[in-house]
Enquirer: 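Structure below; questions to follow.
Order of the sequence lines fixes the chain letters, A, B, ..., with proteins taken first and strands second; residue numbering starts at 1 for each chain.
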Amino acid sequence: MSTVRVLLFGAAADRAGVRQTELSPPAAGASLEEFWAVLAERYPGLAPMRDTLAFAVNGEYARLDATVSPGDEVAVLPPVSGG
Amino acid sequence: MISITEEPLDLGELAAGAFRPDCGAVATFVGTTRVDETGEAQVEYLEYEAYRPMADRKLEEIETGIRCQWEVGEVRIVHRLGRVYPGEPSVAIVIAAPRRGPAFEASRYAIERIKEIVPIWKREIWSDGYVWVGSQVATRPTP
């Protein structure tokens, strides 16, 4: 598997217009920050949300310096509003 | 016991299921959907979605966090998904503990952590559009 599965939720799915997509990491060993740049270019509606978003890699919160590899699942998480 | 469900919450069953002879206190917190009205428009319902199974795992982490900090017997957390009408329960937390202090404190901790770390989102469906709660994304007419 050479792509990363991207899941979008809530307002992020709304802005992107998709709930799920596949993207190739920009380079081997790419960081989540570099991956985000590719995602925001593909879905420009996401870009203004940048500072409010959190990310998960393979189901766990991840920092922007985390590595994203083919086969991973990246989730784009707007501010949570459960309860 | 952790659960995320599309079904209405049965609060009586949830609380009664936590009664046990080694616990003298059962604290129950119920979060219900509160809605506002503006002018002519009203909220018709809320719609919840979750990133599963991460949301389930985060609720389990909250239970683990409770058991590390307080002496409790039973921890029950149930969160609704899908359509929830105004005034209906969207989350219920039941903590049974030998003594009341830990039961109260742990239930407060649980709801605060849910609002911080569990990937669940809600959208208010108004008569004239919708609003993602916590994000500046909406389709309602701006005043």
Enquirer: Pick one of side chain, backbone, both or neither for A:Leu77, based on which atoms fall under 4.5 Å of a heavy atom in chain B.
Expert: both
Enquirer: I want to check something: taking the side chain as every heavy atom from C-beta on, are B:Lys115 and A:Val80 in contact at a cut-off of under 4.5 Å?
Expert: no
Enquirer: Identify which part of B:Glu61 has an atom lying under 4.5 Å from any heavy atom of chain A, answering side chain, backbone, both or neither.
Expert: side chain
Enquirer: Picking from B:Arg57, B:Arg123, B:Arg52, which has the most non-hydrogen pairs under 4.5 angstrom with chain A?
Expert: B:Arg57
Enquirer: Could you state whether B:Phe19 and B:Ile93 fall into the same hydrophobic cluster, counting links through intermediate Ile, Leu, Val, Met, Phe, Trp or Tyr residues with side-chain heavy atoms under 4.5 angstrom apart?
Expert: no
Enquirer: Atom CZ of residue position B:Arg34 - does it have more than 12 heavy atoms of other residues, nucleotides or ligands inside 6.0 Å?
Expert: no
Enquirer: Are any side-chain N or O atoms of B:Lys122 and backbone N or O atoms of A:Gly83, one a donor and one an acceptor, separated by less than 3.5 Å?
Expert: yes
Enquirer: Would a 4.5 Å heavy-atom cut-off, applied to side chains only, mark B:Lys58 and A:Tyr61 as touching?
Expert: yes
Enquirer: Which region of A:Ala54, side chain (C-beta onward) or backbone (N, CA, C, O), has a non-hydrogen atom less than 4.5 Å from a non-hydrogen atom of chain B, or is it both or neither?
Expert: neither
Enquirer: Counting heavy atoms not belonging to B:Arg20, are there more than 12 under 6.0 Å from its CZ?
Expert: yes
Enquirer: Hey, quick one: are B:Val94 and B:Val91 part of the same hydrophobic cluster, counting side-chain heavy atoms closer than 4.5 Å, chains of contacts allowed?
Expert: no
Enquirer: Please determine whether residues A:Phe55 and B:Val137 belong to a single hydrophobic cluster, defined as Ile, Leu, Val, Met, Phe, Trp and Tyr linked transitively by side-chain heavy-atom distances below 4.5 Å.
Expert: yes
Enquirer: With a 4.5 Å heavy-atom cut-off, do A:Arg19 and B:Glu49 have their side chains touching?
Expert: yes
Enquirer: With chain A as the partner chain, list the residues of residues 65-80 of chain B whose heavy atoms fall under 4.5 Å from it, by residue number, and write 'none' if nothing qualifies.
Expert: B:His79
Enquirer: Looking only at atom types and distance, does a side-chain atom of B:Ser135 sit under 3.5 Å from a main-chain N or O of A:Ala11, one as donor and one as acceptor?
Expert: no
Enquirer: Tell me, for B:Glu116 versus chain A, whether the close heavy atoms (under 4.5 Å) come from the side chain, the backbone, both or neither.
Expert: backbone
Enquirer: B:Tyr51 side chain to A:Leu7 main-chain N or O, any donor-acceptor pair under 3.5 Å?
Expert: no
Enquirer: Name the member of A:Ala12, A:Pro79, A:Ala75 that forms the most heavy-atom pairs with chain B at distances under 4.5 Å.
Expert: A:Pro79
Enquirer: To the nearest 0.5 Å, tell me how far B:Leu46 CG sits from A:Ser81 OG.
Expert: 9.0 Å
Enquirer: Looking at every heavy atom in both B:Met54 and A:Ala56, which two are closest together, and how far apart are they?
Expert: SD-CB, 3.8 Å
Enquirer: Relative to the ring of B:Trp121, is the ring of A:Phe9 parallel (under 30°), tilted (30 to 60°) or perpendicular (over 60°)?
Expert: parallel
Enquirer: For B:Ala50, is it the side chain, the backbone, both, or neither that has a heavy atom closer than 4.5 Å to a heavy atom of chain A?
Expert: backbone
Enquirer: Does CZ in B:Arg100 sit with more than 12 non-hydrogen atoms of other residues, nucleotides or ligands closer than 6.0 Å?
Expert: no
Enquirer: Non-hydrogen atoms of chain A under 4.5 Å away: do they reach the side chain of B:Phe29, the backbone, both or neither?
Expert: neither
Enquirer: Looking at A:Glu41, I want to see if its CD is surrounded by more than 12 non-hydrogen atoms of other residues, nucleotides or ligands under 6.0 Å.
Expert: no
Enquirer: When clusters are formed by joining ILVMFWY residues with side-chain heavy atoms under 4.5 Å apart, either directly or through shared neighbours, do B:Val118 and B:Met1 land in the same one?
Expert: no
Enquirer: Are A:Val18 and B:Trp132 linked, directly or through other ILVMFWY residues, by side chains that come within less than 4.5 angstrom of each other?
Expert: yes
